[in-house]
Enquirer: 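My structure is below; once you've seen it, I'll send some questions.
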Amino acid sequence: MPNQELLATLQTIVGRRYVLTDPKKTAPFRRGYRSGSGKALAVVRPGCLVEQWRALQACVAADIIIIMQAANTGLTEGSTPTVGYDRDVVIFNTRRMKTIQILPDARQIIAFPGATLFDLEGLLQKYNREPHSVIGSSCIGASIVGGVCNNSGGALVARGPAYTQLCLYAEVKADRRLTLVNELGIELGQDPEEMLARLERKEYLPSDISGNTQKASDSDYASWVRDIDCPTPARFNADPRRLHGASGCAGKLAVFAVRLDTFPKHKLEKTYYIGTNDPAALTKLRCDILGKFKNLPVSAEYMHRDMFNISEQYGRDTVWLILLLGTKFLPTFFAAKAVIDGWLSGQKFFSRHLTDRALQTIARILPNPLPKSIRSWRDKYEHHLILKMSDQGVGEASKYLSASCEKYDFGYFECSLNEAKLAFLNRFAAAGAAVRFDAVYKGDVEGILALDIALRRNDDQWYETLPEDIEAELLHKLYYGHFLCHVLHQDYIIKKGANIEAIKHRMLEILDRRGAKYPAEHNVGHLYQASAVHAAHYKTIDPTNTFNAGVGKMEKTKNYSK
């Protein structure tokens, strides 16, 4: 099908205004959150599931590479095009399809492709329940389906990454047939368009709902993360345990809906702010909590002092934005910023980083929102752990911390509600703050090397020591992450003139020797090499290489031809 004929067909299906071809208008969809960009024939924005199905059919018939995209918050370029394709690319942005359906008793939900965790959290309030995941530092406005496709998340210690075996998706078979696969556990019929329309209208009865033998969350994770003597990581993107249907597909399938568990809200929560200058103290604390506590924490977020400082300075406006307007406003704000940045990138006399520099100018004059109690802990301690406990775990943690702080050489205090909120907001702003620093000092730094790693569960040397020659190439080392599951985000600000790719290669060699896995939760995108397990999985679910070609640095050619 010639390109103009395809574009006309797509316009007929979704409407002319929802087929973008102007490079200035497609720029926000073609550029990754942190890095990466490429060309696209069009950006298609379906308004319903049937429109998505029909548009997919047209693109498959035209032999087009399809990139599925929701919020475009990924950090590894996995939902945007790159270079070197042998076919044209069409991006499917699913943000218009934001429906969330509550199943009986609100114990499970069905999320459409564009629904976000913000949407879900707000919807579950009246049921006194919580989503499967919470918003992480890098996922402002993140979609539910995107999280499942990348096995993302993990800030909640007992729940692990986003995972389900119950989903509705389309795949392209080896004979290039687009096929709708219903693993949602809901009887919807046989005809694809009828099935999608029935789901959209919620035309199914409680008796049509089954799937009780299939998982809608990683219910085994709590015992998995507790196994602190195991020489493998607790979670990482290529873990075969969590590659199932939409889960871990990395955009190699077109997902229409996922079904996920929800969880009851805790009656009581208490946050403890812990600081130490000895990494071994946190190692002992981790082993005791995971190995001996009856009650697992809600979360345990680590920050190094250097990351704290960067977040405090370059994430300050984000913290204030949330304090003043709430988290619900953030997706709209950052979507608008992406549009402005896209427009600026096409202007001769303006830098695409102009908005970041303007926002940082504002941030510098804003008062510091962090209370003195937290700032004094920063001055006193190099390593910080924000530990949140719930219900019976509160008393257990209070007793343990009081008895162990002198023995293990750490300090702590119990946070007020305001202190807890601001401590987590400073952690929330961390990843975006690193991006801001890079944008503000673009002329003075080579860039960011962002590694997303999972250490072995029995690794007691979690705090890395780098060779001196690598250290000499770094301006800042920014460490933060989900401490109890040993998933760390390590962002390195590279000095101007250094070779980022060479440094990355050496860093990954070091991680390989340590038995670490990477990426841990942001998936391979176009920045990481897919493992043999990942590559085999992707070729199985997408044998023609129609979806997200080149992900994991694999072949970008039709049928993965060399």
Enquirer: Shortest non-hydrogen contact from P113 to V255?
Expert: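 Heavy atoms of P113 and V255 come nearest at CG-O, 3.3 Å.
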Enquirer: Should L124 and I109 count as side-chain neighbours, where that means a heavy-atom distance under 4.5 Å?
Expert: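 Side-chain contact under 4.5 Å: yes.
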Enquirer: For A174 versus T544, what's the shortest heavy-atom pair and its separation?
Expert: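 Scanning both residues completely, I find the closest heavy atoms to be O-CG2, 3.9 Å.
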Enquirer: Taking the side chain as everything from C-beta on, heavy atoms only, tell me whether H537 gets closer than 4.5 Å to V533.
Expert: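 H537 vs V533: side chains apart.
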Enquirer: Distance only, no hydrogens: is a donor on one side chain within 3.5 Å (strictly under) of an acceptor on the other, for K539 and N545?
Expert: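 The criterion, which ignores hydrogens and geometry beyond distance, is not satisfied for N545 and K539.
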Enquirer: Starting from the C-alpha separation in whole Å, work towards a yes-or-no answer on side-chain contact (heavy atoms from CB on, under 4.5 Å) for L455 and L488.
Expert: CA-CA 8 Å; L455 300 177; L488 295 176; 4.0 Å; yes
Enquirer: Is NZ or CZ of K252 both nearer than 6.0 Å to the six-membered ring centre of Y169 and within 45° of the ring axis?
Expert: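 Pair K252/Y169 does not count as cation-pi.
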Enquirer: Going by an N to O cut-off under 4.0 Å, is there a salt bridge joining R177 and D175?
Expert: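 Salt bridge flag = yes for D175 with R177.
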Enquirer: With a 3.5 Å distance limit and no angle check, can you tell me whether D356 reaches the backbone of V440 through a side-chain donor-acceptor pair?
Expert: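 No, the answer is negative, given that no donor and acceptor are paired below the 3.5 Å cut-off.
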Enquirer: Below 4.0 angstrom, N of the basic side chain to O of the carboxylate: do D239 and K517 qualify?
Expert: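 K517 and D239: not salt-bridged.
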Enquirer: Roughly how far, to the nearest 0.5 Å, is the CD atom of E51 from the CZ atom of R96?
Expert: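 It comes to 6.0 Å.
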Enquirer: State, with a plain yes or no, whether a side-chain heavy atom of D317 is found less than 4.5 Å away from one of I362.
Expert: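 No - every pair of side-chain heavy atoms lies 4.5 Å or more apart.
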Enquirer: Between E473 and R506, is there a salt bridge with N-O shorter than 4.0 Å?
Expert: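 Looking at E473 together with R506, the answer is no, because their closest N to O distance does not fall below 4.0 Å.
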Enquirer: Ignoring hydrogens and angles, state whether a donor on the side chain of Y314 or D438 is under 3.5 Å from an acceptor on the partner side chain.
Expert: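 Per modelled atom types, Y314 and D438 side chains form no pair under 3.5 Å.
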Enquirer: Calculate, to the nearest 0.5 Å, the distance between atoms CD1 and CZ belonging to I65 and F547 respectively.
Expert: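 If I round to the nearest 0.5 Å, the distance is 11.5 Å.
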Enquirer: Rounded at 0.5 Å granularity, tell me how far OH in Y441 sits from CZ in R357.
Expert: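 Result: 10.5 Å between the selected atoms.
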Enquirer: Between R241 and D218, does any NZ, NE, NH1 or NH2 come within less than 4.0 Å of an OD or OE carboxylate oxygen?
Expert: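 Yes, charged N to carboxylate O under 4.0 Å.
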Enquirer: Can you tell me if K39 has over 12 outside heavy atoms packed within less than 6.0 Å of its NZ?
Expert: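 Atom NZ in K39 is not packed in, count stays at 12 or less.
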Enquirer: Counting heavy atoms not belonging to K495, are there more than 12 under 6.0 Å from its NZ?
Expert: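 It does: K495 NZ has more than 12 such atoms within range.
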Enquirer: Check whether N499 reaches the backbone of A502 with its side chain - one donor and one acceptor, N or O, closer than 3.5 Å.
Expert: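 Such a contact is found between N499 side chain and A502 backbone.
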Enquirer: So, H476 side chain and L478 main chain: donor-acceptor pair closer than 3.5 Å or not?
Expert: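 Such a contact is absent between H476 side chain and L478 backbone.
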Enquirer: Check whether any side-chain heavy atom of Y560 lies under 4.5 Å from a side-chain heavy atom of D542, and answer yes or no.
Expert: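 They are in contact (side-chain heavy atoms under 4.5 Å apart), so the answer is yes.
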Enquirer: Do you see a donor-acceptor pair shorter than 3.5 Å between the side chains of E464 and Y479?
Expert: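 On atom types as modelled, these side chains qualify, holding a pair under 3.5 Å.
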Enquirer: What are the two closest heavy atoms between Y221 and R159, and how far apart are they?
Expert: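 Looking at all heavy atoms of both residues, the closest pair is CD2-C, 3.9 Å.
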Enquirer: Do the ring planes of H489 and H522 sit parallel (below 30°), tilted (30 to 60°) or perpendicular (above 60°)?
Expert: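 Parallel.
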Enquirer: Can you tell me if R87 uses its side chain to pair, donor with acceptor, with the backbone of K556 under 3.5 Å?
Expert: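 Such a contact is found between R87 side chain and K556 backbone.
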Enquirer: Start with the C-alpha gap between D452 and Y518, add the side-chain angles, then the distance that decides, and say whether side-chain contact (heavy atoms from CB on, under 4.5 Å) holds.
Expert: CA-CA 6 Å; D452 166 32; Y518 49 84; over 6 Å; no
Enquirer: Between D444 and K496, what is the shortest heavy-atom contact and its length?
Expert: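 Heavy atoms only, the tightest pair is O-CB, 3.5 Å.
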Enquirer: Quick one: does any side-chain atom of N523 pair with a main-chain N or O of G525 as donor and acceptor, under 3.5 Å?
Expert: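 Not a single qualifying donor-acceptor pair exists.
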Enquirer: Is it true that S247 and Q165 share a donor-acceptor pair across their side chains at a distance under 3.5 Å?
Expert: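 The answer is no; no qualifying pair exists.
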Enquirer: Could you walk me through whether E301 and H482 satisfy the side-chain contact (heavy atoms from CB on, under 4.5 Å) test, starting with their C-alpha distance in whole Å, then the side-chain angles of each, then the deciding distance to 0.1 Å, before giving a yes or no?
Expert: CA-CA 5 Å; E301 294 296 290; H482 316 301; 2.8 Å; yes
Enquirer: Once rounded to the nearest 0.5 Å, what's the spacing between atom OG1 of T76 and atom CD of E521?
Expert: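 These two atoms lie 11.0 Å from each other.
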Enquirer: Using the six-membered ring wherever Trp is involved, compare the ring planes of Y538 and H534 and label them parallel, tilted or perpendicular (cut-offs 30° and 60°).
Expert: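 Y538 and H534: parallel rings.
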Enquirer: Which of these passes side chain to side chain contact (heavy atoms under 4.5 Å, CB included) with I67: V551, N93, V90, V89?
Expert: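 Exactly one pass, corresponding to V89.
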Enquirer: The test is side chain to side chain donor-acceptor pair (under 3.5 Å); show your working for H505 and E509 and say whether it passes.
Expert: CA-CA 6 Å; H505 180 72; E509 285 183 338; 3.1 Å; yes
Enquirer: Looking only at atom types and distance, does a side-chain atom of T21 sit under 3.5 Å from a main-chain N or O of A42, one as donor and one as acceptor?
Expert: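 No; zero donor-acceptor contacts below 3.5 Å.
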Enquirer: In Å and rounded to the nearest 0.5 Å, what is the NZ to CG distance from K98 to L120?
Expert: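 The NZ atom of K98 sits 12.5 Å away from the CG atom of L120.
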Enquirer: Tell me the closest heavy-atom pair linking A257 and L199, and the distance in Å.
Expert: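 Taking every non-hydrogen atom into account, CB-CD2, 3.9 Å.
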Enquirer: So, do L466 and Y492 sit near enough that their side-chain heavy atoms are less than 4.5 Å apart?
Expert: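 L466 reaches Y492 side chain to side chain.
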Enquirer: Could you measure the distance from the CG atom of N426 to the CE atom of M303? Nearest 0.5 Å is fine.
Expert: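 Rounded to the nearest 0.5 Å, the CG-CE separation comes to 4.5 Å.
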Enquirer: Under a 4.5 Å cut-off applied to non-hydrogen side-chain atoms, are D261 and H132 in contact?
Expert: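 A side-chain contact is absent here, since even the closest heavy-atom pair is not under 4.5 Å.
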Enquirer: Determine yes or no for a side-chain-to-main-chain donor-acceptor pair under 3.5 angstrom, with S311 supplying the side chain and A433 the backbone.
Expert: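 The answer is no, because no donor-acceptor pair under 3.5 Å joins these two groups.
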Enquirer: I'd like to check Q490 versus H304 (side-chain heavy atoms, cut-off strictly below 4.5 Å). Are they in contact?
Expert: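 When only atoms from C-beta onward are counted, H304 and Q490 do not touch, as no gap falls below 4.5 Å.
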Enquirer: Looking at every heavy atom in both I493 and V445, which two are closest together, and how far apart are they?
Expert: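 Shortest heavy-atom contact: CG2-CG1, 3.8 Å.
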Enquirer: Tell me, with the steps shown, if L260 and V148 meet side-chain contact (heavy atoms from CB on, under 4.5 Å).
Expert: CA-CA 10 Å; L260 291 160; V148 170; 4.1 Å; yes
Enquirer: So, does N72 use its side chain to make a donor-acceptor pair with the main chain of T80 at under 3.5 Å?
Expert: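 Checked: no pair found.
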Enquirer: So C59 and L10, do their side chains get closer than 4.5 Å, heavy atoms only?
Expert: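 A side-chain contact exists here, since the closest heavy-atom pair is under 4.5 Å.
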Enquirer: Using a 3.5 Å distance criterion without hydrogens, assess whether the side chain of Q69 forms a donor-acceptor pair with backbone atoms of F29.
Expert: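 Yes; judged by distance alone, with no hydrogens or angles, the pair exists.
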Enquirer: Mark yes or no for whether R30, through its side chain, and P23, through its backbone, hold a donor-acceptor pair below 3.5 Å.
Expert: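 Yes, because the side chain of R30 sits within donor-acceptor range (under 3.5 Å) of the backbone of P23.
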Enquirer: Go through it in stages, so that I can follow the logic: the residues are D63 and R176, the test is salt bridge (charged side-chain N to carboxylate O under 4.0 Å, His left out), and I'd like the CA-CA distance, side-chain angles, deciding distance and then a yes or no.
Expert: CA-CA 9 Å; D63 203 13; R176 298 203 55 77; 3.4 Å; yes
